[in-house]
There are 2 protein chains.
Amino acid sequence: MTKGAKQDAPRRRGRRPGGTDTRAALLAAAREIFVEQGYDGATVRAIAARAQVDAAMVNHWFGGKEGLFAEAVLKLPFNPQDVVERVLVGDVDQLGERIVRTFVTIWDNSAGGMFTALVRSIAGHEQASNALRDFLIKHIMARIIAKVAPDRHEFRATLVASQLVGMGMVRYVARFEPLASADADTMVAAVAPTLQRYITGTIS
Amino acid sequence: MTKGAKQDAPRRRGRRPGGTDTRAALLAAAREIFVEQGYDGATVRAIAARAQVDAAMVNHWFGGKEGLFAEAVLKLPFNPQDVVERVLVGDVDQLGERIVRTFVTIWDNSAGGMFTALVRSIAGHEQASNALRDFLIKHIMARIIAKVAPDRHEFRATLVASQLVGMGMVRYVARFEPLASADADTMVAAVAPTLQRYITGTIS
DNA sequence: CAAGTTATTCAACACGGCATGAATTCTGTG
DNA sequence: CACAGAATTCATGCCGTGTTGAATAACTTG
């Protein structure tokens with residue numbers, strides 16, 4: 001007890017032996033902590049600690065906190081074009097369904113953190129808000145809606161975005177139950193008709 | 001140029017003459033800055049500066065930054081019970097319509113800032129997320145839905161909350177156009193049917 | 001008008017943030 | 001195997017944060 005095990009031995013100085021990938025470790029740790037704390041709340045020290053590495057490595061590998069955020073959060077973990085194409089395949093009447101399922105699936109797995117990190121960083125990081133808009137509106141919704149919606153494309157796109165963002169907020173950021181734990185099928189059944197109407201239905 | 005006009009003269013020390021309401025000035029400034037920056041981003045010094053007052057007054061009047069936040073942002077600017085009663089008057093088939101109009105109206109006027117401040121503070125302030133949930137779900141939606149929804153009250157409540165939160169995010173926080181500038185009637189026409197379905201419609 | 005209370009400012013503190021540069025250890029190439 | 005370069009840690013610098021206590025000025029009460 002008094003001296004503790006050798007678990008947190010003061011790390012040796014200088015280059016580490018073996019092919020340790022510090023850069024990747026930092027990226028992983030950064031994603032976790034930016035998700036939990038947002039840009040302002042996350043400290044370089046905390047990220048480095050979780051990666052079991054000195055804080056100075058953030059500067060060495062990414063040029064600073066800013067660069068780490070850009071690389072870990074702002075960079076998309078998948079190609080938007082793929083999502084668009086994948087969603088567009090099939091009957092237009094079931095577009096809402098495919099969109100909900102796609103987003104719930106993607107966000108439930110890897111990319112949900114990116115959404116949370118962006119929202120939690122909106123206050124302190126200028127680009128966060130822009131990144132969210134570019135991602136949802138520009139890269140995804142605009143392309144889908146331009147092909148199938150009858151009119152008022154921009155308004156329809158922001159309507160769809162509003163329901164998607166709301167779903168993300170409630171499900172991943174604020175975690176209101178029981179929606180936060182509802183399975184994909186339940187979410188699709190509930191939300192798909194909304195999106196379908198926003199895209200192809202009458203909105204006035 | 002060199003010495004500047006007497007505009008930012010070093011304020012005199014000691015109590016100010018006249019019935020100046022420093023407390024109110026701080027509250028007003030705090031609302032502005034918490035809305036713009038969130039809890040973490042807002043600094044006591046910046047708030048005091050906007051109120052044209054020394055930073056120490058925050059401690060004097062509110063016991064600290066925390067107390068100021070509680071008083072300026074967490075305290076509701078209206079009585080939830082009133083909103084519930086006002087919304088419930090009328091045909092159940094137009095509930096969605098009244099809800100959208102009520103929220104857009106309230107938020108477009110005074111309380112939109114509170115929503116933005118809460119969202120921007122979710123990362124750094126524990127209570128922010130709870131406040132949002134208590135406000136939307138507990139105080140508002142639960143009471144409405146318990147009286148008119150056929151089943152699955154909690155799930156329906158969170159669904160409604162998701163669309164309202166999404167609308168707030170897109171309209172007030174992230175400001176996606178053209179939704180951000182759409183007038184109340186347009187929003188009602190677009191969003192009311194969604195809420196109506198979440199409340200009384202079939203969601204599975 | 002004297003004394004006490006309240007409001008206000010100023011200066012300073014203690015803390016924690018990010019970034020930097022020197023010192024140290026490993027890897028790779030000839 | 002020597003040596004250049006890259007990776008890593010440590011110590012430190014500098015800045016901005018919220019909070020505190022003393023000093024000063026105005027108001028309030030007798």
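Convention: sequence-line order gives letters A, B, ...; per-chain numbering from 1. Every value quoted in this text rests on a predicted model; they were computed, and no experiment measured them.
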ask   = Just how far, in rounded Å, is P of D/dA6 from CE of A/M57?
value = 13 Å
message = Ignoring hydrogens and geometry beyond distance, is a side-chain donor-acceptor pair present between B/T200 and B/Q196 at under 3.5 Å?
response = yes
task = Output every pair passing side-chain hydrogen bond (donor to acceptor under 3.5 Å, both in side chains) with a member in residues 115-124 of chain B, not counting sequence neighbours, ordered by first then second residue.
result = none
message = Students often mix this up, so state it plainly: with edges at 30° and 60°, are the rings of B/F78 and B/F135 parallel, tilted or perpendicular?
response = perpendicular
task = Report yes or no: is there a donor-acceptor pair, N or O only, under 3.5 Å between the side chain of B/R13 and the base of D/dT24?
result = no
ask   = Hey, does A/V53 reach any base, or is it just sugar-phosphate, or nothing, if we go heavy atoms under 4.0 Å?
value = sugar-phosphate
note = Which of D/dT8, C/dC10, D/dT19 is nearest the side chain of B/A56? It is C/dC10
query = Hey, does A/A42 reach any base, or is it just sugar-phosphate, or nothing, if we go heavy atoms under 4.0 Å?
reply = sugar-phosphate
inquiry  = Just N and O in the side chain of B/R15: are any of them under 4.0 Å from OP1 or OP2 of C/dT5?
reply    = no
remark   = Assert: residue with more 5' nearest nucleotide on DNA chain C, out of A/D40 and B/W61, is B/W61
query = To the nearest angstrom, how far is B/R23 atom CZ from C/dA7 atom P?
reply = 11 Å
query = How long is the line joining CD1 of A/I33 and C1' of C/dG17, in whole Å?
reply = 15 Å
ask   = When you check the phosphate oxygens OP1 and OP2 of C/dA7, does a side-chain N or O of B/T20 lie under 4.0 Å from one of them?
value = no
query = Taking atom P of C/dT20 as reference, at what distance in whole Å does atom NZ of A/K65 sit?
reply = 15 Å
message = I want to confirm an ordering. Mapping B/G18 and B/D54 to their closest nucleotides on DNA chain D, which one lands closer to the 5' end?
response = B/D54
key: Integer-rounded Å distance: C/dT27 P and A/D21 CG   = 14 Å
task = Could you tell me the separation between the NE2 atom of B/H60 and the C1' atom of D/dA25, rounded to a whole number of Å?
result = 13 Å
ask   = Do A/R45 side-chain and C/dG16 base share a donor-acceptor contact under 3.5 Å?
value = no
ask   = With a 3.5 Å cut-off and just heavy-atom distances, do the side chain of A/R16 and the base of D/dA7 make a donor-acceptor pair?
value = no
query = Rounded to whole angstrom units, what separation is found between the CG atom of A/N59 and the P atom of C/dG17?
reply = 15 Å
ask   = Over how many whole Å does the gap from A/Q37 atom CD to C/dG17 atom C1' extend?
value = 14 Å
query = Within the pair B/T43 and D/dG16, is there a side-chain N or O less than 4.0 Å away from OP1 or OP2?
reply = no
task = Answer whether the closest heavy-atom distance between the side chains of B/D108 and B/R171 falls below 4.5 Å.
result = yes
ask   = Which of parallel (below 30°), tilted (30 to 60°) and perpendicular (above 60°) describes A/F69 and A/H125?
value = tilted
